[in-house]
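Counting from 1, the numbers follow the sequence of the chain as shown.
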Amino acid sequence: MKMKVLGLNFTKNDLRFCVLDGQNNPPAIIEKNKIVYPLNMETADLMEWFETQLCLIIDKHSPIQISHKISTNLSTLDQIKSSCYPQAILNLIAKKKNISINSFSSQGINATKFRQPKKTDVFAYIDTIIGTHPPYWDKATKEAVLVAWFNLLK
């Protein structure tokens, strides 16, 4: 059985996720993807959609641990609906499924976790370790990869 960890990043318009195989060092990417949010949904329907998407990912991969990037600079209801609310749903799902969950802020996503100098560009650094993985191999996806990976560095 593979030791899988799941990393998520809820952005303004989409959800980025990555599943890592934690038995390898460096970890191998099992799956990564971008799921675009549906447009013009009422809040309750959107939360149900988030629950369904998150359960599909979790049930498919059965991770032993989940991590997500938290957003700290939210000022509009739309940002809260696409970030805070789904993170709460994710935490509830993890609780119900008895899966350990961690949160990381932007400040917590740094190269010191890899024992690299503080000024190291962590997004460029991981390319040299695990390679590039298009499509959607941008900062938002890399944040999902990194928060998953941090669970393996403990």
Report whether [X] and [Y] are members of the same hydrophobic cluster (ILVMFWY, side-chain heavy atoms less than 4.5 Å apart, transitive linking).
X	Y	result
I89	V147	no
L46	I80	yes
I126	V19	no
V36	L56	no
L8	V122	no

Open item on the list: Tell me whether the NZ or CZ atom of K113 lies within the 45° cone about the ring axis of F150 and under 6.0 Å from its centre.
Closed with: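 So K113 does make the cation-pi contact.
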- [ ] Begin with the C-alpha distance, continue with both residues' side-chain angles, and end with the deciding distance and a verdict on ring pair (Phe, Tyr, Trp, His ring centres under 6.0 Å) for Y125 and F114.
- [x] CA-CA 9 Å; Y125 176 75; F114 295 104; 5.5 Å; yes
Taking C-beta and beyond as the side chain, do [X] and [Y] meet within less than 4.5 Å on heavy atoms?
X	Y	answer
L15	P86	no
L90	H68	yes
N102	N151	yes
K4	I30	yes
P26	W149	yes
M3	L152	yes
N91	I101	yes
I35	I57	yes

Could you state the interatomic distance from [atom1] ([X]) to [atom2] ([Y]), rounded to the nearest 0.5 Å?
X	Y	atom1	atom2	value
K97	I66	NZ	CD1	9.0 Å
K34	N13	NZ	CG	8.5 Å
M47	Y85	CE	OH	7.5 Å
K60	L6	NZ	CG	11.5 Å
L74	K81	CG	NZ	13.5 Å

Measure across [X] and [Y] and return the closest heavy-atom pair with its distance rounded to 0.1 Å.
X	Y	result
G131	W137	O-CZ2, 3.6 Å
N9	E143	ND2-OE1, 2.9 Å
I58	P63	O-CD, 3.5 Å
A148	C18	CB-O, 4.4 Å

Task: Over 12 foreign heavy atoms within 6.0 Å of CG, N73 - done: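 Atom CG in N73 is not packed in, count stays at 12 or less.
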Open item on the list: Other residues, nucleotides and ligands only: do more than 12 of their heavy atoms fall within 6.0 Å of CD on E48?
Closed with: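 No, not enclosed.
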Open item on the list: Run the salt bridge (Lys or Arg N to Asp or Glu O under 4.0 Å) test on D78 and K12 for me, step by step, so that the C-alpha distance in whole Å, both residues' side-chain angles and the decisive distance to 0.1 Å come before the verdict.
Closed with: CA-CA 8 Å; D78 283 343; K12 180 181 173 187; over 6 Å; no
- [ ] Would you please classify the geometry between the H61 ring and the F17 ring as parallel, tilted or perpendicular, with 30° and 60° separating the classes?
- [x]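 Ring orientation, 0 to 90° scale: tilted.
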Tell me if a side-chain donor or acceptor on [X] pairs with a main-chain N or O of [Y] at a distance below 3.5 Å.
X	Y	result
K32	P135	yes
N98	K95	no
K142	F123	yes
Q53	F50	no
Y37	S82	yes
S105	I70	no

Task: Residues N110 and T112: side-chain donor-acceptor under 3.5 angstrom - done: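 Note: N110 and T112 side chains meet the donor-acceptor criterion.
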Task: Polar contact flag, side-chain donor to acceptor under 3.5 angstrom, Q87-S83 - done: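 Note: Q87 and S83 side chains meet the donor-acceptor criterion.
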Open item on the list: For R16, is there an ion pair with D138 - N to carboxylate O distance below 4.0 angstrom?
Closed with: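 Between R16 and D138 there is a salt bridge, with a charged N closer than 4.0 Å to a carboxylate O.
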